[in-house]
Every structure is written in structure tokens, then in C-alpha cells.
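See below for the structure under consideration.
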Amino acid sequence: GQNIDQPTEMTATEGAIVQINCTYQTSGFNGLFWYQQHAGEAPTFLSYNVLDGLEEKGRFSSFLSRSKGYSYLLLKELQMKDSASYLCAVRSPYSGNTPLVFGKGTRLSVIA
Amino acid sequence: DSGVTQTPKHLITATGQRVTLRCSPRSGDLSVYWYQQSLDQGLQFLIQYYNGEERAKGNILERFSAQQFPDLHSELNLSSLELGDSALYFCASSAKDRSGNTIYFGEGSWLTVV
């Protein structure tokens with residue numbers, strides 16, 4: 001089976017940096033995804049890691065350590081519009097287009 | 001706009017009834033996924049189809065069924081509805097058989113069972 005853990009809620013200040021952690025336990029691993037979801041809207045893709053290390057994309061970066069079963073999403077220069085839920089998801093262990101298994105998400109509130 | 005289209009956007013129905021949710025994937029995407037999202041459970045994978053064939057099954061109840069048609073659109077059928085089935089149902093799609101392929105979500109169908 002697969003188990004994905006993330007903090008339920010976080011609060012950060014506009015302009016600051018926030019790190020959202022995700023730990024996972026899976027019987028196999030074939031990639032980790034981060035999605036952003038505003039309340040009542042569709043999840044939108046942010047990043048993908050399959051090898052260890054940091055992937056940077058503008059204000060967003062994602063890190064993966066496969067040996068530790070650990071990832072984080074780093075958001076820099078926070079803006080009010082970044083208030084949303086951030087979902088960590090792991091791809092099932094088989095190659096190909098297998099489903100993503102999602103954590104329950106971290107609700108981030110950005111305050112002035 | 002992800003390119004994944006879902007209808008209807010909102011649906012209110014009574015317990016015991018049956019509804020059908022429809023999804024058109026992004027142009028060219030062969031895989032379609034259905035997810036259920038309720039407040040306390042997060043995004044739960046229900047079922048996946050790839051080019052018309054069932055590919056993977058998650059926590060889908062026996063009262064629920066799905067299919068993917070030759071034109072690649074998919075339908076999720078929910079029957080004998082219960083209050084607890086009230087949720088946001090997402091369809092998602094992805095491209096050919098490659099592990100890194102991103103899954104793109106539609107806007108979802110809000111189902112309220114009263």
C-alpha cells in the first residue's frame with residue numbers, strides 16, 4: 001500500500017518563504033508530484049520529481065530524497081494568491097500511466 | 001483551462017437515485033482517471049481507463065461503475081446514491097504510456113445527495 005503524510009495547515013506571511021513537507025511510504029516508487037488546489041477548483045500541476053535533488057521552477061521548487069521517502073515544496077516570495085491547498089502525490093510503482101495517490105493536502109494561508 | 005471537460009458542473013439529487021457524470025479528456029490523451037474528493041478524505045482514486053480498457057481500480061464502490069468509449073470520453077455512473085456520496089468528482093487525463101506524464105484535472109462535478 002501507499003501512505004502519504006503532509007501537515008494539515010500552515011500559515012505564512014506575504015513575501016516570506018514557506019516549506020511544505022511530504023513523507024511517503026510506498027511498496028514502489030515511480031515519481032512524486034505536487035499540485036496546487038484552490039478551494040472548489042481543479043488541482044493544477046506544479047512540479048514533478050523522480051530523481052533525488054531539487055527542481056526549480058520560478059518561485060516554486062521541489063526536492064526529493066528517495067532513500068528518506070521525503071519531499072518538500074518550497075514557495076518563495078509568497079503572494080496572497082498562493083493561499084491554497086498543496087497536494088503531494090506519488091505515482092504507483094509500475095511504469096506507464098498509472099494513477100497518482102494523493103496525500104490529504106496542506107492548506108496554506110498567506111497573511112499580510 | 002486544462003483541456004479536460006466535465007459535465008454537469010453541479011448536480012443535486014435524492015438518495016436512491018442514479019446519476020451519470022461525463023468527461024472528455026484532453027485531445028489525444030488515452031488515459032482517463034476518476035477521483036472523488038470529500039472534505040475529510042482528500043482526493044481518492046476511483047478508477048482508470050486506458051484506450052477503452054480498465055487499467056486500474058482504486059476505492060470504487062460496487063454501486064459505482066465507469067466506462068471509456070471509442071471516442072475516449074468517459075462516464076462515471078453512480079447508483080443507489082447515499083448522503084455520503086456527496087462530493088466533488090474529478091476526471092483527469094494524461095498522455096501516452098510514460099511514467100512522468102502529468103495528470104490534468106477537469107473542473108469537477110459537484111454532486112449533492114439530499
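Here is how names work: the chains are called A, B, and so on, in the same order as the sequence lines, proteins then strands, and each is numbered from 1.
Of all residues in residues 100-108 of chain A, those placing a non-hydrogen atom less than 4.5 angstrom from a non-hydrogen atom of chain B are A:Leu100, A:Phe102, A:Lys104.
Dense packing is recorded around CD of A:Gln79, with more than 12 heavy atoms of other residues, nucleotides or ligands lying under 6.0 Å away. Under a cut-off of 6.0 angstrom, the local environment of CG in A:Leu54 is crowded, with over 12 non-hydrogen atoms contributed by other residues, nucleotides or ligands.
Counting only residues at least two apart or on different chains, the ring-ring contact (aromatic ring centres under 6.0 Å, His included) pairs with a member in residues 68-87 of chain B are B:Phe69-B:His73.
With a 4.5 Å cut-off on side-chain heavy atoms, B:Leu81 and B:Thr13 count as touching.
Between the side chains of B:Gln44 and B:Asn59, at least one donor N or O sits under 3.5 Å from an acceptor N or O.
Heavy-atom distances place no part of B:Gln6 under 4.5 Å from chain A, backbone and side chain included.
A salt bridge between A:Glu14 and A:Lys81 is absent, with no side-chain N of the basic residue lying under 4.0 Å from a carboxylate O of the acidic one.
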